[in-house]
Amino acid sequence: MSEDSPEYAADTAVDPWRAGERAAGLIRAFRDVRIMAGARLVPILCLSGLLIVLLILMNLRMPKPDNPFDRDPVRLFPDADRTWIRMAAGGRCEHRGLFGLLRCRGPIEHMDHHYPWSRGGATDRHNLVGLCARHNLRKSNGIPTLLCTWLLYRARLKYFPARLRGYAWPDGRAHSVRDDDRKELE
């Protein structure tokens, strides 16, 4: 028999450094690391996706209210509405901080349009917010976000008396204007 015959093929060292075995081991190790990294990566991706959605929600502005005017002809809230919001809000500022978890402890000093009057918000109880001077001046005429509006609504459901919860959602629309009055304003 010669050394070239197949019977001796198993005895010959074709791969003296065992590169094939090492490569296969590295591939298995890489696959295992990838699987472990994927298991760690899933919660990170979920949290980052949630953060992106939260950032988008925090920046979505309220749509302009469908009012029959560019600016409400009446700017100031009447005394009855001032008394009403103080009673409904318990005399405390309605500003919400820390993602709506905390409520300002200051007293109501200013009556404010939730959706700004200068941008088409109505002078109506559905658009009235009682704020302390600090938070009213900080808000200025900025359009509130949908998240801010929703947080205020959820908070109002807790402290508004049951009979006044129909006013809890501040939408900026002129609810008190009747259809006949709307035709006159157009």
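Residue numbers run from 1 in the order of the sequence given.
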Exactly one of D171, T149, N127 clears side-chain hydrogen bond (donor to acceptor under 3.5 Å, both in side chains) with H114, and that residue is T149
Checklist entry - When you look at CG of N59, are more than 12 heavy atoms from neighbouring residues, nucleotides or ligands closer to it than 6.0 Å? => result yes
To the nearest 0.5 angstrom, please state how far the [atom1] atom of [X] sits from the [atom2] atom of [Y].
{"X": "C93", "Y": "R134", "atom1": "SG", "atom2": "CZ", "value": "8.5 Å"}
{"X": "E109", "Y": "L137", "atom1": "CD", "atom2": "CG", "value": "9.5 Å"}
{"X": "L164", "Y": "L157", "atom1": "CG", "atom2": "CG", "value": "12.0 Å"}

- prompt: Hey, what's the ring geometry for W84 with Y167, parallel, tilted or perpendicular (30° and 60° as the breaks)?
  reply: perpendicular
Which word best sums up how the rings of W169 and Y153 line up, parallel for under 30°, tilted for 30 to 60°, or perpendicular for over 60°?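 Ring orientation of W169 relative to Y153: perpendicular.
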What are the two closest non-hydrogen atoms of [X] and [Y], and how far apart are they?
{"X": "D81", "Y": "L128", "value": "O-CD2, 3.4 Å"}
{"X": "W117", "Y": "V74", "value": "NE1-O, 3.5 Å"}
{"X": "T123", "Y": "R75", "value": "OG1-O, 3.5 Å"}

So, do R82 and R86 sit near enough that their side-chain heavy atoms are less than 4.5 Å apart? yes
Checking R105, R103, R156 against E94 for salt bridge (charged side-chain N to carboxylate O under 4.0 Å, His left out), the one that qualifies is R156
Discussion item. Does the Lys NZ or Arg CZ of R92 fall within the cation-pi geometry relative to Y159 - under 6.0 Å from the ring centre and within 45° of the axis?
Written reply: no
